[in-house]
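Okay, so here's the structure we're looking at.
Just so it is clear, the values below take in all heavy atoms, side chains as well, and ignore hydrogens, waters and symmetry mates.
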Amino acid sequence: RKAQLDREKMDNDAELAAIDREGAMLAGEMRQLDQTNPAAVEDYNARSDAHNRRVAAHNRRVANMNAAVCGPSATE
């Protein structure tokens, strides 16, 4: 069981690093975004929404892992 949790933690850490890189890239794009171009804004918003869903899914996985390790009070 510990080996499985260790693998999950490594996977979660790798996912967090990827999320951080993606967030930094989106922040850079936002600074350069042509707000007068509706297509560019729509494209950016779609990518930002996808990023936000990825973050939410990651947060759920981490909360579930914490609950598995520490019990339900870890997520309250």
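- The heavy-atom pair separating D34 from V41 by the smallest distance is O-CG2, 3.8 Å.
- No donor-acceptor contact under 3.5 angstrom links the side chains of E15 and H58, judged on distance only.
- Taking every heavy atom of both residues into account, G23 and H51 meet most closely at N-CE1, 3.6 Å.
- In this structure, the side chains of N12 and L16 stay at 4.5 Å or more apart for every pair of heavy atoms.
- Here N52 contributes atom CG and N45 contributes atom CG; the two are 10.0 Å apart, rounded to the nearest 0.5 Å.
- Shown here is Q32, whose CD atom has no more than 12 heavy atoms of other residues, nucleotides or ligands within 6.0 Å.
- The number of heavy atoms from other shown groups lying within 6.0 Å of CD (E42) does not exceed 12.
- Taking NZ from K9 and CG from D6, the interatomic distance works out to 9.0 Å, rounded to the nearest 0.5 Å.
- One finds the CD atom of E8 at 5.0 Å from the CD atom of Q4 (value rounded to the nearest 0.5 Å).
- Remark: R53 does not engage D49 in a salt bridge, criterion side-chain N to carboxylate O under 4.0 Å.
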### Task
Apply side chain to side chain contact (heavy atoms under 4.5 Å, CB included) to M10 and D13, showing your working.
CA-CA 5 Å; M10 285 178 34; D13 290 347; 5.6 Å; no
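- Looking at D43 and R47, a side-chain N of the basic residue comes within less than 4.0 Å of a carboxylate O on the acidic one, giving a salt bridge.
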### Task
Take M30 and L33 through the side chain to side chain contact (heavy atoms under 4.5 Å, CB included) test and state the conclusion after the steps.
CA-CA 5 Å; M30 176 63 145; L33 184 62; 4.1 Å; yes
